[in-house]
2 protein chains.
Amino acid sequence: MTVATTTENWIDNFEGLGKLPAELKDELVAGSKIVEMPAGAQVFAPGQSADNLLLLLKGTVRVQQKSETGREVFLYRVHAGDSCVLTTACMLAFEDYAADGIAETDIRAVAIPRRTFDDLVARSPIFRSFVFKAYSRRLTDLFTLIDDIVFQRMDVRLAARLLELADDKGVVHATHQVLGNELGTAREVISRTLAEFQRRGWVELARGEVRLTGRSGLERLARASTAA
Amino acid sequence: MTVATTTENWIDNFEGLGKLPAELKDELVAGSKIVEMPAGAQVFAPGQSADNLLLLLKGTVRVQQKSETGREVFLYRVHAGDSCVLTTACMLAFEDYAADGIAETDIRAVAIPRRTFDDLVARSPIFRSFVFKAYSRRLTDLFTLIDDIVFQRMDVRLAARLLELADDKGVVHATHQVLGNELGTAREVISRTLAEFQRRGWVELARGEVRLTGRSGLERLARASTAA
DNA sequence: CCGAGTTCTGTGACCTAGTCACGGAAGTCG
DNA sequence: CGACTTCCGTGACTAGGTCACAGAACTCGG
């Protein structure tokens, strides 16, 4: 649903677009529209050719790969202020890929239609730079993800992820299964690792949630990675 | 070293560029140059800001991530006819990433300087599409790599890789260590798995090489993935 | 050709993580 | 309250990664 009153200055939410000349900003605003989707909505999917580049204003989108075996790997998360460049891959109808995007919360996003996108890429070096940086960022994110998967221990990765996902009260709302999907591992591994964390007094467990009680311990463990 | 006599029609080696209007083809050829590098050369590296987009004419480039722990993960391989889009990330000086590119063989490539690249992206929808497709392809390659790492058994992955790397005589020239790097695993795992393959009569082992003697067995195992 | 040094491979012991099978606890809803 | 579903815990087993070490195979200077 278009929300007319907020259309004017969403551009400033995106680092890199603020420096666009006023004339192109106007064109961008005029040539795109704001869309909203409820939590759980499929933002994009293989086969479904998207006709818009999405810039996320509010909420998060989870991008995951659906494997042949039916299981899912979490790839990355698009936050407010990020652009979802994978939709450009859809736009270009580029070969078959198996990633899909799910709205984790209610989301609001700017949808830039292919025509406007193409026009701006052609005319504005600033916009080009914005798009290429978004792509590069995804690539480097995936590089570090691969590095983590291959070399990092599960407990370290879980500790880091818990700290990321905790709300302001220090509670993570997620089942062990969900955490397993995030990290590309099995539920049992999460259960066992969390049990160990609990034994150390770092967390308290309840159905569907993990309360962080000893952040410092988790942080020390998580730093075992980045420090080395 | 520029090789003047072959400059004219390298464009046809790149699917997607053939349809450029003649005028832009001329500009592309005029505005770029052909470079050669010996095997083992560092094609690009973090920190070193590249000023060219490379289109590979001959040879292969191995792109790998150097982890903090000193070990390396193989990310993907750039073949003749591919473009090395990661250099555009260097071009834009985008944040720190830890991937570097090594020439595996003597290579010859077209180097498109930033100025020409930018100009062509602005002016030609065909060139834009070429660049975006190259990016998307890398993204999807990484998606499937992650999927493989997480869900695929080592023996299946090794069988597939051996078939890929074999020369026309059915021999793979690589140490177990190198194969381990390719697949992001330990040398010992490769040694053990190869020993098992040998026991089954699929390969013969010698220092620094693996001779494939029972391709059909390897192929059957490798298909265990793609089939499912 | 010899011998020292290096690189590559094989192997056993051990640990982490993923898989399978199951049971029980905690919510949901008629 | 009882049937059902979802979530969690656990033991047994396998695959794969780590460590330590030994021997085989090449290299190269003399």
Side-chain angles (χ1 to χ4, degrees), chain A residues 40 67-74 146-162 165 171-200 203-211 221 224-225 228, chain B residues 40 67-74 146-162 165 171-200 203-211 221 224-225 228:
Chain A
S67 128
E68 313 92 11
T69 62
R71 293 189 303 179
E72 296 166 354
V73 209
F74 170 90
I146 291 173
D147 199 74
D148 270 14
I149 292 175
V150 174
F151 293 124
Q152 199 60 263
R153 292 175 47 91
M154 247 358 279
D155 51 0
V156 174
R157 297 181 60 208
L158 179 56
R161 192 58 62 105
L162 288 175
L165 294 178
V171 178
V172 178
H173 298 275
T175 68
H176 297 184
Q177 182 61 62
V178 166
L179 292 171
N181 288 142
E182 289 257 336
L183 298 176
T185 185
R187 178 192 60 79
E188 295 92 321
V189 175
I190 300 290
S191 293
R192 281 196 274 261
T193 310
L194 283 176
E196 174 63 19
F197 287 176
Q198 185 173 37
R199 206 187 56 72
R200 297 189 201 171
V203 301
E204 282 171 12
L205 301 178
R207 187 186 174 91
E209 66 178 39
V210 181
R211 274 186 304 282
L221 180 57
S225 67
Chain B
S67 128
E68 312 93 9
T69 63
R71 294 189 302 178
E72 296 165 353
V73 210
F74 171 89
I146 290 173
D147 198 76
D148 270 14
I149 292 175
V150 174
F151 294 123
Q152 199 60 264
R153 291 175 48 92
M154 254 344 289
D155 52 0
V156 173
R157 296 182 60 210
L158 179 57
R161 192 57 63 104
L162 288 175
L165 295 177
V171 179
V172 177
H173 299 273
T175 68
H176 297 184
Q177 182 62 63
V178 166
L179 292 171
N181 288 141
E182 290 255 336
L183 298 176
T185 185
R187 179 193 60 79
E188 294 92 321
V189 176
I190 300 290
S191 293
R192 281 196 274 260
T193 310
L194 283 176
E196 173 64 18
F197 287 177
Q198 186 173 36
R199 207 187 55 72
R200 296 189 201 172
V203 300
E204 282 170 13
L205 302 178
R207 188 187 172 93
E209 64 176 43
V210 182
R211 274 187 304 282
L221 180 56
S225 67

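To find a chain, count down the sequence lines: A is the first, B the second, and so on, and within it residues start at 1.
- Nearer to the 5' terminus of DNA chain D, by closest-nucleotide assignment, is the contact made by A:L205 (compared with the other of A:V150 and A:L205).
- The two residues B:V203 and B:L194 have their closest heavy-atom pair at CG2-O, 3.9 Å.
- For D:dT5, its base never sits under 3.5 Å from the side chain of A:R207 at any donor and acceptor pair.
- Per the geometry, CG belonging to A:L158 stands 11 Å off P belonging to C:dA17, to the nearest Å.
- Among the atoms of the strands shown, only primed sugar atoms or phosphate atoms (P, OP1, OP2) are found under 4.0 Å from some heavy atom of A:R153.
- For A:A186, whose side chain is taken as the heavy atoms from C-beta onward, the closest listed nucleotide among D:dT18, C:dT19, D:dC7 is C:dT19.
- Among all heavy-atom pairs drawn from A:D148 and A:R157, the shortest one is O-CD, 3.9 Å.
- Atom NE2 of B:H173 and atom C1' of C:dT9 are 18 Å apart (whole Å).
- Distances shorter than 4.0 Å separate some side-chain N or O of B:R71 from OP1 or OP2 on D:dT18.
- Note: CG (B:D155) to P (D:dG17) measures 11 Å, nearest angstrom.
- Rounded to whole Å, the distance from CD1 on A:I190 to C1' on D:dT10 is 16 Å.
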Q) Checking salt bridge (Lys or Arg N to Asp or Glu O under 4.0 Å) for the pair A:R192/A:E196: CA distance, chi angles, key distance, verdict? A) CA-CA 6 Å; A:R192 281 196 274 261; A:E196 174 63 19; over 6 Å; no

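- Side-chain atoms of A:R187 stay outside donor-acceptor range of the base of C:dG18, with no qualifying N/O pair under 3.5 Å.
- Rounding to whole angstrom units, CD of residue A:E196 and C1' of D:dG9 are separated by 15 Å.
- Listed nucleotides: D:dC8, C:dA17, C:dT11. Nearest to the side chain of B:R192: C:dT11.
- Under 4.0 Å is where a charged nitrogen must lie from a carboxylate oxygen, and between B:R211 and B:E209 at least one such pair does.
- Nearest heavy atoms, A:L221 versus A:A159: CD2-CB, 4.0 Å.
- Atom CZ of B:R157 and atom P of D:dG16 are 10 Å apart (whole Å).
- Among D:dG16, C:dA17, C:dG10, the nucleotide with an atom closest to any side-chain atom of B:M154 is D:dG16.
- Neither OP1 nor OP2 of C:dT7 sits under 4.0 Å from any side-chain N or O of B:H176.
- Nearer the 5' end of DNA chain C, as judged by each residue's closest nucleotide, is the contact made by B:Q177, out of A:V189 and B:Q177.
- Rounded to whole angstrom, the span from the CD atom of A:E209 across to the C1' atom of D:dC8 amounts to 14 Å.
- Between the C1' atom of D:dC8 and the CG atom of A:L194 lies a distance of 11 Å, rounded to the nearest Å.
- Toward the 5′ end of DNA chain D lies the nearest nucleotide of B:T193, the other residue of the pair B:T193 and B:E188 mapping further downstream.
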